[in-house]
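Computed from a predicted structure; not experimentally measured.
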Amino acid sequence: MTDLAQAKQEIARLRAIINHHNYRYYVLDSPEISDAEYDSLMQELKQWETEYPQLVTPDSPTQRVGAAPVAAFGVVVHPLPLLSLGNVFSEEELLSWYNRISRLLGQPQFDLVGEHKIDGLAVALTYVDRQLTTGATRGDGSRGENITSNLRTIRSIPLSVPPEAPPRFEVRGEVFMPKAGFNQLNRERAEEGLPLFANPRNAAAGSVRQLDSRITAKRPLDIYIYMLGYAEGRPTPTTHWETLVYLKQLGFKINPNNRLLTNLEQVKQFCNQWQEKRDGLPYEADGIAIKVDSLAQQQRLGNIRHEPRWAIAYKFPAIQAFTKLKDIGINVGRTGTLNPYAILEPVVVGGVVIKHAALHNEADIRRKDIRIGDTVIVQRAGEVIPEIVGPVVSKRTGKEREFTMPSRCPVCGGKITRAEGEAMHYCSNAACPAQIRERLRHFVSRPGMDIRGIGEKLSATLLKEGLVKDAADLYYLKKEQLSPIDRMGDKSASNIISAINNSRKQSLARLIFALGIRHIGEETADILSREFHCLDILANASVEELTSIRGIGTEIASSLVAFFKLDENRRIIRKLKDAGVNPKEEAVPVKELPLAGQEFVITGRLETLGRHEAEARIKALGGTAKGDVTRKTAYLVVGTEPGSKLAKAKTLGIKQLTEEEFLTRLRMR
DNA sequence: CCGCCTCGAGTTCT
DNA sequence: CTCGAGGCGG
C-alpha cells in the first residue's frame with residue numbers, strides 16, 4: 001500500500017470515529033469519551049491532514065473552525081418558502097383554531113404534534129449528495145442570506161448524512177443559544193467591556209450573521225431541526241411525527257420534548273405544562289408550536305398568505321417588553337446607600353404591570369449605557385423581579401440624557417461619598433430622614449424584632465408625627481398616642497402595642513440584627529450573640545477581640561466599633577435596656593444537640609412549615625441551614641417545585657431528604 | 001494576591 | 001434571586 005493510500009484510510013477512519021463522537025456529544029448530549037480523548041483524536045486527524053492537504057475535504061470535522069471573513073452574504077432563493085406561524089395568545093384562541101381545523105378536516109379528532117417554539121432564528125439547510133451545501137436564513141421567507149460557512153461551525157449540524165438519505169433535500173430548524181452559553185458569553189463580554197446582548201435570540205442572530213465565521217465558531221450555538229422542507233429521490237414519511245423520527249435517524253438533532261398529541265385535551269395540557277416549566281428549560285422558549293400531524297391533512301388545509309393553516313403558535317405571556325425610561329429616581333437605604341431605580345412608562349410583562357425596576361448603582365447604569373429617555377428592554381424572566389436588560393440604541397433620538405449620581409442626598413441634602421473601588425454611593429448623614437425611616441422599618445421587620453402591624457406605612461407615620469425618633473422610642477409608646485392616626489381603630493392600636501411588648505422577648509441575635517449595623521446580617525448577628533451573650537459586652541468589644549472570632553474580619557469589626565462609639569447609638573441601647581429590651585443569650589453546648597455539625601439546604605416549598613421556620617428549627621437543634629448547596633452540605637431537603645439546587649446536589653452526590661424524612665430529623669414526627 | 005465560599009443588601013407586585 | 005463584597009485558605 002502506498003503512503004497516500006494509507007493516509008487516506010487512516011483519515012477516513014479518524015473522521016468516522018470523530019463524527020460518531022460529535023454526534024454523541026452535540027446531537028445526543030451523551031458523550032462516550034472524555035474531552036481529552038476527543039481532543040487527541042482531533043489532533044491526530046489534523047496532523048494527517050497537514051501532511052496530506054490534498055485529502056482535506058469540506059466535510060472533515062476539522063473544517064468547523066470557520067473561514068475568512070466575507071464582504072457580504074449572498075442571497076439564497078428558497079425553493080419552498082419558509083412560512084411563519086400564526087399566533088394565539090390564550091386557550092380560547094387555541095380552541096377556536098382547533099375547532100376551525102376540525103371543521104375543515106371534517107373530523108372531531110386528529111393527531112397533532114406539539115413542539116417548543118424556541119426563540120432563535122429559523123434556517124434552511126440543503127444537502128446534495130449527502131453533503132451540506134447551503135445554509136440560509138429565513139429572510140423574508142422566499143429569499144434569505146447565505147450563511148453556510150457560519151452554520152458549518154455549529155457542531156450539532158451534520159456536515160454530511162448517511163447514504164440512505166435522499167440525494168437532495170432541505171431541512172429546517174431553529175438555531176439558538178442555550179441560556180447557559182448566553183450568560184457565559186455576556187459575562188465574558190462584560191469583562192472585556194463589550195456591549196451585552198439583550199437576550200439569547202439577539203445573541204444567536206448576531207452570531208450567525210457574523211461576516212467572519214471564525215467568530216461564529218466560538219459562540220455557543222445549537223440547533224433543533226423541526227421539519228423536512230423537501231426531499232427528492234427517496235420516499236419520505238407521510239406524517240410530521242414520523243418525519244421527525246426519520247430525521248433523527250439521519251443524524252439531525254431533534255428536540256426530545258416534542259410530543260405526539262392525539263386530542264385537544266393533550267394539546268392544552270402540553271401548552272400549560274410547558275408554560276409553567278419554561279423557566280427551567282435550557283433554552284428560551286416563547287411558546288408552543290402545534291402542528292397537524294398528517295402531511296396529507298396539512299396539504300388539504302393549505303396556507304393563507306404566508307401562514308400555514310395547519311399549524312399555530314401558542315405564545316407564552318411575554319417575559320420581555322419594550323418601554324420608555326421616563327426618569328431615574330433614587331432611594332436611600334438604611335445604611336445610606338443610594339439606590340437608583342427606573343421610572344418606566346407602565347408596561348405589561350409576564351402578566352403584571354411594571355412601573356419600576358432597580359438599577360443598582362451608577363456603574364451598572366454606565367455599563368449598560370442606559371440613558372434617561374431611552375427605549376429599554378424590560379424583562380421578568382425566571383425571577384419575579386423586573387430588570388432592565390439594556391437600551392434599544394437604534395431608537396435613540398439624541399435627546400436622551402446620561403445619568404449622574406447627584407453630589408447631594410436627594411432627601412436630606414447631605415454629602416454623597418463613594419469609596420475608591422466601591423460600587424455604591426452613600427449618603428454620609430446618619431440623621432438623614434430616609435435612613436432613619438429605613439432603619440426603623442428594618443428594626444420592626446420579620447427577621448428583625450418581628451413587630452406585626454408596623455410596616456413601611458406606619459413607620460413613616462410614626463416618625464412624621466414625631467411619636468418616635470428611633471426604634472427604642474417604640475417601647476415607650478402609649479395606646480392613646482396611636483389613636484389620632486388615620487384609620488387606626490382601638491383594636492388595631494392595642495394589637496400594635498401588644499406586638500411591641502411581645503418583641504421585648506426576642507433573642508439577642510434578632511436584636512443585634514435589628515439594630516441595622518452595616519455588614520451585620522442575620523448570620524453574623526447570630527455569631528455575635530453566641531459569642532457575647534448580651535448587648536453591653538458586645539458594645540464594649542475592641543477590634544482585636546472581634547477579629548479573633550471566626551467569620552469576623554477587619555471590616556465587620558470596625559463597622560461594629562464605629563456603631564457603638566456613636567453617642568446616638570449608645571443612647572438608643574440605653575433606652576432599650578431601660579424599657580426592658582436586653583436579651584441574654586445562654587451558652588448552649590452546641591455539640592450535644594442532635595443536629596450538631598450537620599449542614600442543611602432547603603429547595604422548593606415545604607407543606608408543613610415556612611422556609612424561615614424550618615431554618616430556625618434546624619439551628620435550634622444545633623444544625624446549620626445554608627442557602628446553597630456546597631460540598632459540605634449534609635442534606636438537601638427537597639420540597640415541591642425544587643429549584644436549581646437539586647441538580648447541583650445530584651452532581652455533588654448530596655443526600656436528599658423528603659419533607660417527611662426532614663420532619664423526622666427535626667423531631668417533629 | 002487570587003479564587004472560593006458565604007453573607008449582606010436591595011428588589012416588584014399582589 | 002442576583003450582585004457585590006467580606007473572610008479566609010492556599
In whole Å, what is the span from the CD atom of A/Gln379 to the C1' atom of B/dT12? 14 Å
Does a side-chain N-to-carboxylate-O contact under 4.0 Å join A/Asp470 and A/Lys575? yes
Please state how far atom CG in A/Asn339 lies from atom P in B/dG10, giving the value in whole angstrom units. 6 Å
OP1 or OP2 of B/dG8 under 4.0 Å from side-chain N/O of A/Thr335: no
Side chain of A/Ile354: nearest nucleotide among B/dT11, B/dC13, B/dC7? B/dC13
Interatomic distance where CD1 belongs to A/Ile527 and C1' belongs to B/dC7 [whole Å]: 9 Å
So, with a heavy-atom separation below 4.0 Å from DNA chain B, the residues of residues 540-560 of chain A are none
Can you measure from CD (A/Gln435) to CG (A/Asn429) and round to the nearest 0.5 angstrom? 6.5 Å
Is it true that A/Asp526 and A/Arg530 make a salt bridge, defined as a side-chain N closer than 4.0 Å to a carboxylate O? yes
Between P on B/dT11 and NE2 on A/His356, what's the gap in Å once rounded to a whole number? 12 Å
From CZ of A/Arg446 across to P of B/dG10 the rounded distance in Å is 20 Å
Between A/Arg371 and A/Asp369, is the closest basic N to carboxylate O distance under 4.0 Å? yes
If you count every heavy atom of other residues, nucleotides or ligands that lies below 6.0 Å from A/Lys457 atom NZ, does the total exceed 12? no
Length of the CE-P vector between A/Met424 and C/dA5, whole Å: 9 Å
Would you kindly compare A/Arg334 and A/Val353 by the position of their nearest DNA chain B nucleotide and give the one closer to the 5′ end? A/Arg334
Heavy-atom count check: over 12 atoms from other residues, nucleotides or ligands less than 6.0 Å from A/Arg366 CZ? yes
Given B/dT11, B/dG10, B/dG8, the nucleotide with the shortest approach to the side chain of A/Thr524: B/dG8
Any salt bridge between A/Glu456 and A/Arg437, counting N to O under 4.0 Å? no
C/dC1 P sits how many Å from A/Glu387 CD, rounded? 14 Å
Over how many whole Å does the gap from A/Leu528 atom CG to B/dG8 atom C1' extend? 14 Å
